[in-house]
Amino acid sequence: MDKLICKCGHENPPGTVLCESCGRPLNEQEQNMKLADMRYEGTARRSQTYNKSIIDKIWNFFSSVKVGVGIIIVLLIAAALGTILPQKQYVPATTDAAIEAYYTDIYGSVGTVYHALGFHDLYNSFWFIGLVGMLAISLIIASLDRFVPLYKSLKNQRVLRHSSFMRKQRILAEGPGDADTLKKAEEKLTDLKYKVSTDKNGLLAEKGRFSRWGPYVNHIGLIIFLFGVMLRMMPGFYVDETLWIREGETRAIPDAPGYVLESKGFTLETYTGEGEEEKFGEAIDRVGTVAKNYQTDVVLYKIPEGALPGDTADMEMVEEHAIRVNQPFKFDGYALYQMDFQQDELKTMSFALQNKETGESRGDLTIDLVNPETNYELEDGSVVELLGYYPDFSGFENGEPQTATPLPKNPGFLVKMTTPDTPDGETSFITIQNTVEPLGDNDYKLAFQGVETRDASGLTVRKDRTLPILGLGGLIFMIGVAQGMYFNHRRFWIQQQEDGSILLAGHTNKNWFGLKKDLDQVTDHASLPAYRDQQEDMEAQEKREGEQLT
Amino acid sequence: MTLADISSNLLYVAFIAYLIATFVFGGAVKGNKEGTYRSEQRWGKVAITITVIGFLAQLGYFITRWMVTGHAPISNMFEFTTAFGMTLVGGFIILYALYKTAVLGMIVLPIALLIIAYASMFPSEVSPLIPALQTNWLAIHVITVVIAEGILAISAAAGLIYLLKVVDQKKKSKQRFWLEAIMYSLVLVLGFVVTSTFFTLTNYEADFTYVNKDEQPSEITYNMPAIFGMNEFESMTDGAFTPLVEMPPIVHAGKLTTVFWSVMVGTVLYALIRLIFRKRISAMLQPFTKNVNLQLMDEINYRSIIIGFPIFSLGALIFAMIWAQIAWSRFWGWDPKEVWALVTFLFYAAYLHLRLGRGWAGEKSAWLAVIGFVIIMFNLVAVNLIIAGLHSYA
C-alpha cells in the first residue's frame, strides 16, 4: 500500500485517518463525520489497515477490543462456574475415585454432572488455562496495535492544526478576539500547568500526555504477572510439600536438601474470656471455643556439605523459631507455615504376649508407630514378627489390608507370634479393639496394654522464586492503572485568524467536566469566545427530533 | 457509659442522621419545581451537612469499636457490612463535593440505610480474632476493599438514577421490568430486616437435632418458625412450629427458612406499596429525576469506577494475594471469595474496555454499573452465607 500524502505535504503511513501533522481527514468517511474519532488520534493501526495474510487475520482478531472483552466475559463466567460446588482441593478425599464418589454422594446428580464436566478442577483444565493464554496474547497484540502508532502520532503532532480538524473536536469556540488574547490564554494555561508551545498564529497547550500510556503500562504489568505464574511450572522455581512432624521428632525437610527440622512441641491456645479477654465473653459463649494460637516450636539444623545423606551426626543448629499462623519461618528462600495439627496422635502401643487359656504373659512389647521394628524378641525367646503395618487402616481390598494415610490414626498390625510352645508361629491381624486370626485359632494373643500419645504439626514447606516477578508485575500494573485513571490527557488548540477571530478546540481522553473547568478559567482570563460542547448539542438535537416524532 | 456503649450509640446517631438526610435530599430535589440550580443548592446544603454529621458519627463508631476490640472492626459480617455502609456514604460525600447532586443523596442514603440495617441482623457482640486474622493485613486488606466497594457502589447509584429517568414507564419493556426488579429486590432486603427484627423482639427460638452432610448428628437453633426442616430433623422445643418440608443434607434448611420468610414478607410489603400507590416504585421515583442532567449522571457513573477500580485492584487482589501468601502459604487458591473478587475485577475491566474501546456510555453504562453492584453484593452476601469457603465469617 502507498503512503498517504496530505494536502499539507506530510507523508502518512497507509491507513491513517487523520493526518498526523495537521489533522485533516484523509478519507471520505471521516470527512463526513461531525466529530473526529480521536480515540487513537486517527492513526494507522495495523489491524485496521491489513487484512490479507493469515498473520493479518490472527493479528486483527486479537487486537480487537470486542474479542478482548469477549475473552474477559467468558473467563468471568467460567471462574464463577467453578464456585458452584467446592473445587477438588477443598474436598475431603484424596484419590480420583474417592473424589468422584464424594461429588455424587454429597451433591447427587448435580455433583455427578459437575464432576463429569471437569468443573471440580476447572481452574487447572486445559480450556481454562487456554483462555488465560488467549487473554495474554490479546493483551500483547491489542497493546502493540495501538501503542506504536499512538506514540508516533503524539510525538509528531504539530501546533497548527487544520481548521477542519479543530471544528470536529467536541469542545469548540469561535468568535472575535483581542490582540492580546493568545498571550493571555498562554499565561493562564501555563498557570494551570499546561505545557504550551506556540507557532506563528497559534498555540497548543497540553497536559498529562503520560496518562495515555497508562493502559499499556498496566498491560505490561499483567503480562509480567502471567509470565511469573507460568514460570512456576519450571522445576526449581516452586516447592509445595507437606511435612508432618511430631513433638520431639527430627526430620529432613522435603525438597530442602541439607536442612533438618526438630519439633519441640505444638501449642494450641484458645480464648478464655477472662481478664483482658472478658469483652469477648459473650461471643465465646455463643460459638463455644475460639482458637487463639496455633504454634509449633522448632529448631532448624543444617547438615554440612559433603556429608552423606541421612548422616545427622555433624549437623549444626541454625536457629530456634516459633512457627505461627501468619508468621511463617523463613530461611534460605524457603518458608515453613503452620497449616495443620493433630493433637494426641498415637506414638506407641504396648502389648503383652498372652496365652489365651491361662492368661499367662510371656512378656511385653512396645511398638513405635512411626518407626516400627520388624522383630520384637521377648526375654524367654518368644518372638513377635511384624509382617505388615497399616498406620491408618481403612479396610481390606482383595484380601489385602489398606492404609488411608501414613499417619498413625488407626493402626493395624499383621503379626506372627512364635513362642517355645508354638514354634511354628501363629498369625494374627490386630486393630484397635479387634483381632482376626486368618489361619485358624491361635493359642496366643497380643493383649493391649496401653498407648503413648503426642502432638503432631502439619507444616507446609514452600519455596516460590516467582514471587519477585509477580510482585514486579503487580507493581507495574498498579502504576499503569493509576497513571491511566487518575490523570488525563488534556489539549487545547487555539488559533487567531488574520481578521483577529479566535478558533479554539479542546480534547481530553476522559473527564470532560475537568477540561471544561480549566477552559472556564482560561475563557475568563483571556476573554475567549464562549465554547460549546458539540456532543451535548448533538444529543440534545437528537432528543428534540425524537420528541417531535412521537 | 462504657466505650462500647458510646460506640453503638454513635452508630444509632449515624443511622438516624442518614434517615433524616434522605428526606431532606428528597425535598431538595422535589421542591425544586422550576429546575433552578439555586433552590436545590439551598436544601442540598442542609442535607449534606446532616449527612456529614452522620458520617462523622459512624466514623466515631468505627474508631471507638476499634479501641474496644483491639482490632480493626471489619472481622465479621456485622462489622464489615456496617463499614460498607459507611464507605458508601463517604464515597457519596466525595462525589457530592465534586458535582453537587442532591438526587444522588436521595438514592445512596436509603441504600446505605438498608445495608446498615441488614448488617445489624448479624451478631454484633465484639468477637476475638482467630489466628488467621491476627495480622495488620486484616486492616490493610479489608479497609482498602471496603473503601473501593463503597466508591464503586456510587457508580451503581448514578446508573440507577440515569435509568429511572430514561426508562419509559408507560411502555412495556425489558428495561422497565428489570428496573422494577431492582426496586423489588431492595424491598426484599427490607423484608429480611423486618422479619428478623420481629422474631428477635418476640424472642422466637426453636431447637432441632439433625444429621449433617457428613452424617454426623448436629444441633441447630431456628430464630424463625421453621418452614423447612434439616435432614432427619427432630424438634427439641415443645410447641415449636413443625417444619413443613424436610430438606436433603446439602441444603441448609435454616438459612432457606430465613430466605423464605424474607421473600414472603418483602413480597407482601411490595404488594402493599403497589396497592396503596397504584404505581411501580420506579414510576414513583421517576418524577424526582425530572431535573437530572443525564450527562452528569453518566460522568459520575464513569468517574466513580475510575476512582474505585484501582483501589479495588490494590485491596481485593494485590493486598489479598500478599496476605494469602503469608497466612495460607499461597497467594492464590481459587477460594470462592477470591474467585468472586476476580470476577468483580474482570467485570469492571470489561466495563472500562467497553466504554473506552466501543463507546458504551449512557444507558448501557448505567446497566453495567448496576450489574457491578449486584456482583459486589453477591460476593458479600451469597458467597459468605451460601458458598462455604475460607472466608465464611458469619
Side-chain angles (χ1 to χ4, degrees), chain A residues 39 65-66 68-69 72-73 75-76 79-80 82-84 86-87 89-90 92 106-108 122-123 215 240 271 277 279-280 282-284 286-287 290-294 324-328 335 337-339 460 462 464 467 470-471 474 477-478 481-482 485-486 509-513 533 536 539, chain B residues 4 68-70 98-99 123 125-135 137 213-214 248-250 294-296 299 302-303 306-307 309-310 313-314 317-318 321-323 325-331 333-336 339-340 342-343 346-347 349-350 353-354 356-359 383 387-389:
Chain A
R39 251 179 292 160
V65 170
K66 209 196 226 166
V69 171
I72 291 177
I73 299 285
L75 261 177
L76 177 163
T83 62
I84 295 176
Q87 290 291 297
Q89 65 264 35
Y90 295 114
I106 301 286
Y107 303 105
L122 188 142
Y123 307 112
D240 177 21
Y271 286 96
E277 296 166 9
K279 60 197 175 196
F280 300 135
E282 203 183 321
I284 294 168
R286 185 169 58 82
V287 295
V290 181
K292 187 180 179 183
N293 184 25
Y294 304 117
R324 306 173 65 188
V325 177
N326 269 315
Q327 293 170 26
Y337 292 81
Q338 174 64 51
M339 294 301 278
T460 288
R462 169 82 68 229
D464 194 343
L467 289 180
L470 301 178
F477 171 76
M478 279 316 302
V481 167
M485 303 244 148
Y486 294 156
N509 59 339
K510 58 181 166 302
N511 191 4
W512 293 86
F513 185 80
D533 182 331
E536 269 177 25
E539 274 163 24
Chain B
V68 172
T69 58
L98 285 174
Y99 299 106
E125 75 267 342
V126 297
S127 44
L129 291 183
I130 57 165
L133 298 182
Q134 295 166 11
T135 159
W137 285 104
K213 71 179 166 69
D214 301 319
I250 53 157
L294 285 179
Q295 281 258 342
L296 187 61
E299 172 96 14
Y302 183 39
R303 196 86 189 276
I306 280 183
I307 301 173
F309 180 76
S313 315
L314 186 68
L317 294 175
I318 293 185
M321 285 191 215
I322 296 175
W323 186 10
Q325 182 71 31
I326 294 170
W328 297 326
S329 86
R330 83 288 181 288
F331 62 91
W334 298 106
D335 172 72
V339 174
W340 278 92
L342 179 67
V343 167
L346 289 174
F347 180 83
H353 284 90
L354 285 170
L356 264 63
R358 310 209 43 88
V383 173
I387 305 173

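This one's a predicted model, so the numbers in the text were calculated from it and none came from an experiment. In what follows, every chain begins at residue 1, and chains take the letters A, B, ... in the order their sequences are listed.
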### Query
Relative to the ring of A/Tyr271, is the ring of A/Phe280 parallel (under 30°), tilted (30 to 60°) or perpendicular (over 60°)?
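Perpendicular, since the angle between the ring planes exceeds 60°.
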#### Entry: side-chain contact (heavy atoms from CB on, under 4.5 Å) between B/Trp323 and B/Leu133, worked out
CA-CA 10 Å; B/Trp323 186 10; B/Leu133 298 182; 3.7 Å; yes
Side chains of [X] and [Y]: closer than 4.5 Å at any heavy-atom pair?
X	Y	result
A/Trp512	B/Gln295	no
B/Trp334	B/Leu342	yes
A/Pro328	B/Ile326	yes
B/Trp328	B/Asp335	no
B/Arg303	A/Asn511	yes

Which bit of [X] comes within less than 4.5 Å of chain A, counting heavy atoms only: side chain, backbone, both or neither?
X	result
B/Leu98	backbone
B/Leu317	neither
B/Gln134	both
B/Leu314	both

Tell me, for [X] versus chain B, whether the close heavy atoms (under 4.5 Å) come from the side chain, the backbone, both or neither.
X	answer
A/Tyr337	side chain
A/Asn326	both
A/Ala335	neither
A/Ile73	side chain
A/Leu470	side chain
A/Asp240	neither
A/Glu277	neither

For chain B, which of [options] has the most heavy-atom pairs under 4.5 Å?
options	value
A/Ile106, A/Asn509, A/Ile284, A/Asp533	A/Ile106
A/Leu76, A/Leu75, A/Asp464	A/Leu76
A/Ala291, A/Gly474, A/Ala79	A/Ala291
A/Gln87, A/Gln89, A/Lys292, A/Gln327	A/Lys292

### Query
CD of A/Glu282: more than 12 outside heavy atoms within 6.0 angstrom?
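Check fails, neighbour count at 12 or below.
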### Query
For the candidates B/Pro310, B/Pro249, B/Ala327, B/Ala4, which exhibits the highest count of non-hydrogen atom pairs separated by less than 4.5 Å from chain A?
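Looking at each option in turn, the highest pair count goes to B/Pro310.
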### Query
Once you round to the nearest 0.5 Å, how far does CG of A/Leu467 lie from CE of B/Met321?
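Between A/Leu467 CG and B/Met321 CE, I get 11.5 Å after rounding to 0.5 Å.
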### Task
Kindly give the heavy-atom pair with the smallest separation between B/His353 and A/Val65, and that separation in Å.
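Scanning both residues completely, I find the closest heavy atoms to be O-CG1, 3.6 Å.
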